[in-house]
Enquirer: 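Supplied in structure tokens, the structure appears directly below.
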Amino acid sequence: MIQFKNVVKRFGERTILKGISFEVKKGEILFILGTSGTGKSVSLKSLVGLLRPEEGEIYIDDQRVDQLTEEEYLPIRKKCGMVFQHPALFDSLSIYENIAFGLRRHYDLPEKEVKERVLRCSGLVNINAELLELLPQSISYGMQKRVSLARTLAVEPEILLFDEPTTGLDPITTNTVNELIFDLSRELKTTSLVVSHDMGCALNIADRIIVLDQGNVVDQGTPEQLRKSQVALTKDFLAEVLENESVN
Amino acid sequence: MKVLTNTLTEIGGLSVFVQELFSVAYRKGIKQKDVLDQLWKVFIQSFPTTAMAGFFVGGILTLQFTLQVKTFGALGFLGGLATSSTVREVGPLLIAFMLSGKIGAFTSAELGTMRVTEQIDAIRCLGADPLQEIILPRFLGIIFASFFLLVGGLFMSIFGGMLMGVLFSGINPEEYIRHIPTLVSKVSLINSVFKCFVFAFVLAAICTYKGYTASGGSKGVGIAVVSTSVQTMICLVFMDWFTSVISDAFFTVVGS
């Protein structure tokens with residue numbers, strides 16, 4: 001289980017997270033929605049120690065993590081796989097080596113097993129084995145996002161964190177990635193936190209949704225509960241989805 | 001006041017960064033293969049331009065001195081005079097300026113892009129230390145490569161000076177070389193090699209630091225590249241003065 005308790009994060013004089021609190025249960029898919037600059041990505045990065053909150057507490061499986069040192073964070077990062085907004089692939093490494101990168105750092109595995117895991121994970125996200133020897137810049141952006149997902153899955157994390165996973169993708173690839181998030185979370189029984197702007201997708205695949213505004217949690221609940229929400233920002237997010245549904 | 005605060009903050013940040021690099025090297029070790037890869041890449045990429053710059057720096061100084069030595073009927077001292085000023089001062093500084101534009105800008109842009117496209121965060125999330133994984137190999141690779149490039153550039157400047165002297169000043173090669181040992185002492189050579197090492201260190205530290213700490217998207221990368229060039233040049237001039245003072249004081253004490 002993941003818990004945020006009154007987490008505050010500041011950048012200079014700007015306070016991005018103003019004491020947010022929420023929980024994510026084991027095996028749950030939680031979507032964090034909100035407009036740009038409201039602290040969605042900052043929340044994810046605080047969870048894996050890429051950013052350190054000034055106040056508050058963050059727990060993963062009852063272990064407080066916000067005060068851990070960089071060394072102490074290693075087992076936590078092994079547990080949490082993060083898919084970034086950018087594919088964040090290493091340009092000088094082949095796709096195979098990109099997927100194997102975390103495996104080689106987190107585990108001491110024989111090369112045969114590394115290869116097996118790389119092939120299995122690339123298969124999970126529908127990457128053709130012929131592409132594995134190419135460099136990241138020679139494949140499309142959508143495919144790079146898949147490689148990034150495969151790299152995260154290769155370390156077999158218990159918690160998957162997605163930071164705007166469909167940004168910059170066409171609608172078809174967006175649907176594919178969303179389906180992948182749902183299927184992987186169910187098949188691998190991982191806990192998933194997804195930062196997104198996409199209310200339609202959240203309503204389809206999330207178990208719960210929280211809405212952030214100006215660094216505060218302004219709304220939360222199941223997709224059904226949010227459909228009936230009276231919170232202005234949630235209604236704004238819902239408006240477009242409901243309009244599309246009525247057209248269809 | 002703000003300029004002073006910013007300058008001190010930059011110096012403090014850079015010092016902590018370099019100290020952290022040494023600490024990582026000591027605690028976690030150095031990836032020797034990656035260092036050699038970087039050294040080779042930087043050296044190969046920059047050798048032609050460095051050699052060319054060195055050649056012309058030496059050549060230009062020789063041509064500039066020709067008029068003066070001819071006035072005093074001392075053309076025989078042309079080689080010694082041109083080589084002395086090239087080796088002691090102008091050569092290392094000009095070649096280091098050129099390297100700061102080439103290696104410094106390239107490295108800070110490369111690392112800055114890795115930072116803003118979250119590759120550095122990804123490295124941390126995947127259980128590796130970006131300082132050990134990508135910064136330290138570049139830092140050490142650039143120091144060694146720049147040092148060899150600077151020393152190589154100095155040899156090219158001596159050769160360039162001699163060739164220009166022969167072609168345009170009417171001096172034969174033996175005559176040009178004869179007075180070099182008279183005017184270029186061992187102390188000058190040691191001082192020059194020491195300068196090359198200090199310049200290489202300054203260049204490597206600033207470009208890796210500015211790239212690693214870049215933020216704010218593509219504009220941030222641009223700012224990192226520009227400030228790498230500006231800060232490196234300012235630091236090189238300062239270190240040029242500082243190393244001259246230090247080595248003069250050292251050799252005065254040792255000499256006495």
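Heavy atoms only: backbone and side chains are in, while hydrogens, waters and symmetry mates are out. Note on naming: letters A, B, ... go to the chains in the order of the sequence lines (proteins, then strands), and numbering restarts at 1 for each one.
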Enquirer: Check each atom of B:E133 against the heavy atoms of chain A and say whether the ones under 4.5 Å are side chain, backbone, both or neither.
Expert: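 The answer is the side chain of B:E133.
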Enquirer: Provide the closest heavy-atom pair for A:F84 versus B:A122 in the form atom of the first, atom of the second, distance.
Expert: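 Looking at all heavy atoms of both residues, the shortest contact is CE1-CA, 3.5 Å.
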Enquirer: What residue, out of B:D129, B:D121, B:T117, has the most heavy-atom pairs lying under 4.5 Å from chain A?
Expert: B:D121
Enquirer: Please classify the contact between A:R104 and chain B as side chain, backbone, both or neither, with a heavy-atom cut-off of under 4.5 Å.
Expert: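 Contact with chain B: none, neither part.
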Enquirer: Of the non-hydrogen atoms in B:C125 and A:M82, which two are nearest, and what is the gap between them?
Expert: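 Heavy atoms only, the tightest pair is SG-CB, 4.1 Å.
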Enquirer: Drop me the distance from A:D91's CG to B:M114's CE, to the nearest 0.5 angstrom.
Expert: 7.0 Å
Enquirer: Name the member of A:V155, A:L89, A:L74, A:V48 that forms the most heavy-atom pairs with chain B at distances under 4.5 Å.
Expert: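 Ranked by heavy-atom pairs under 4.5 Å with chain B, first place is A:L89.
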Enquirer: Go through the atoms of A:D163 and report whether side chain, backbone, both or neither lie under 4.5 Å from a heavy atom of chain B.
Expert: side chain
Enquirer: What part of B:R27 gets within 4.5 angstrom of chain A, counting heavy atoms only: side chain, backbone, both, or neither?
Expert: side chain
Enquirer: Is A:Q85 close to chain B through its backbone or its side chain, or both, or neither, when contacts mean heavy atoms under 4.5 Å?
Expert: both
Enquirer: Short question: side chain of B:E118, backbone of A:A88 - any donor-acceptor pair under 3.5 Å?
Expert: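 Not a single qualifying donor-acceptor pair exists.
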Enquirer: Would the distance check show the side chain of A:R105 and the main-chain N or O of B:I123 forming a donor-acceptor pair, the cut-off being under 3.5 Å?
Expert: no
